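Here the structure is a predicted model, which means the values were calculated and not measured.
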Amino acid sequence: MTLYRGEDGFFYDGTRRYKDFIETINKITFYEKNAVIYDAILNNSFLDYYFAFKSLGFEYTDDLTIKSRDKSFSYIVSIGGDTLSFLVKIEKGNWLKIYNANLMFDNLQGRDFLQAVNALKQLGGKGGTLASYSLSIFKGMTKNYEFIFCQDKYSDFVRSSYRGGFNYINPRYQDKEIGEMWIYDVNSLYPYIFAFYPMPYGYGKHGDGTPTEDIREKARKKEIIYFIRFLCSFSIKEGHIPFVCPSVAGKYSKNKICETTAGENVIMTMTNTEFSFFQEQYNVYNLVILDYVYYMAKIGVGRPYVEKFYKLKENAEGAEREAYKGMLNYLTGNFAKKTDRKNLKYNEKKKSWEIIERQIKEKVAVQVGCAITSYARVRTVWHAQLNYENWVYSDTDSIHLLKPATGIIKDEKKIGCYKLDKVDGGYYHKLKWYGSRIGDKPKLTLAGVPTDICESIEEEYTGDTLESIFERLEGVR
């Protein structure tokens, strides 16, 4: 089944438009309202997938009825930067029901998928997604897990510091054709941070005003991590890379990097590491420390797990390698997931989609997730800053440069180090919409565009400028 985007911006399969479904699903996210449907499972293998999950004890949230294998399909649906997935059953071209997806590999099909599932089965974990499965394995390897990764009464305070990876284009190079480039990607950034950086553990303690000298000294020694809430206005220092995203309804977006507040005071929450780096990158005015929450810190709580699965990944191939890679990448997401979820469910009587709100029962150690992403942002921006004159773009775990990097450790395989891709040209249109080429062969990153469409565009490339590709694409986004 091939999906394509029509001139009206919606997806089509043959002549059927998935407008109603997409419009409904867009209501449950605050992220970009572009639904992307991936053909995740081959039609002829649908029953194989279903029974593979059942054999591992995975359960769906609703009863799944399969009437005919040649009329049933399954899709992963991703909304902007959100992490919502659904399992959809289709019969005769009509949407029937939608379920929470207990799918784990959206890029593997047929025998490859079953091979990956079988590799996980040997580990003896539990869960219907890579996130839950990896967490069950991690719990079994971690003594005193419930204390170390506890959820306490300061979760909401700490969560206000949470943001994702650092994504930013240097304005000097946006929408410009660029010559040869050096693109560096970190090997397993988040797992590396989790294994080798100090992580908060136990229950937090709250304090008003500025943290005491004793707390600040212990933080410098990496014995403590604190989350600090403060009020200020700011402007980026000349020659420095901006990275903060103040959240003020109607003016500043939590997902948009800000260079200046133009004299207006805003309230933000950061880890002590990010707060220190913030003051290095920005001119800060009218600073008032409001309060803070601190935790004891320990280095290495995730190291046994990360080293185990990193080694398994490096020694495996194909689908088995993907399985172990997923066990690395999905674990840390457990520590930042929301405790309130929204799902879609089809009401048979009303013949319409309904949004169902629910609270997840599992406790979430959000302080760990916030610490991981904070360290990762600072690390990426710091390495970009070291190469400021040649820096073009960063996307969470990468830095894209005009010349070879300085101040970083390069190694193709070692965790936490950078691997290099040298390309002959690049073009950066907007965040997560960019391309590079080696010779006359392009490689595109187009968030919100199905993989098969990206591949067809790459195949049709005839040596025109990369800019010409994005000019054509802008009309179908």
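Put simply, the side chain of R216 gets close to the backbone of P211: a donor and an acceptor are under 3.5 Å apart.
If you look at F278 and F234, their ring centroids are closer than 6.0 Å. For an aromatic pair to be called close, the ring centres must be under 6.0 Å apart, and F227 with Y292 fails this. Between F309 and Y305, the ring center distance clears the sub-6.0 Å criterion. Between H206 and Y294, the distance from one ring center to the other does not fall under 6.0 angstrom. For Y310 and Y192, the gap between ring centers reaches or exceeds 6.0 Å. Taking the centre of each ring, Y133 and Y330 stay at or above the 6.0 Å mark. For an aromatic pair to be called close, the ring centres must be under 6.0 Å apart, and H400 with Y184 fails this. For an aromatic pair to be called close, the ring centres must be under 6.0 Å apart, and F243 with Y168 fails this. Here the two rings, on Y428 and Y173, have centers that are 6.0 Å apart or farther.
Y197 places none of its side-chain heavy atoms less than 4.5 Å from the side chain of T273. Contact check for Y427 versus I178: no side-chain heavy atoms found under the 4.5 Å cut-off. No side-chain heavy atom of D175 sits less than 4.5 Å from a side-chain heavy atom of E467. Residues I299 and M199 are not in side-chain contact: their nearest non-hydrogen atoms beyond the backbone lie 4.5 Å or more apart. V158 has its side chain within reach of Y295: a pair of non-hydrogen atoms, C-beta onward, lies under 4.5 Å apart. Residues L231 and V266 form no side-chain contact, since every pair of their non-hydrogen atoms from C-beta on lies 4.5 Å or further apart. Looking at heavy atoms from C-beta onward, I241 lies in side-chain contact with F166 at the 4.5 angstrom threshold.
Residues A371 and T271 come closest through the heavy atom pair CA-CG2, 4.4 Å. Closest heavy-atom contact between M296 and I224: SD-CG1, 4.0 Å. When all heavy atoms of Y226 and A219 are compared, the closest pair comes out as CE2-CB, 3.7 Å.
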May I have the step-by-step check of side chain to side chain contact (heavy atoms under 4.5 Å, CB included) for S134 and N334, ending in yes or no? CA-CA 9 Å; S134 60; N334 285 290; 3.7 Å; yes
Please step through side chain to side chain contact (heavy atoms under 4.5 Å, CB included) for the pair I228 and T269, ending with a clear verdict. CA-CA 5 Å; I228 186 167; T269 307; over 6 Å; no
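Between D411 and K419 there is no salt bridge, since no side-chain N of the basic residue sits under 4.0 Å from a carboxylate O of the acidic one.
Using modelled atom types, one finds no donor on one side chain facing an acceptor on the other under 3.5 Å when comparing S233 with E264.
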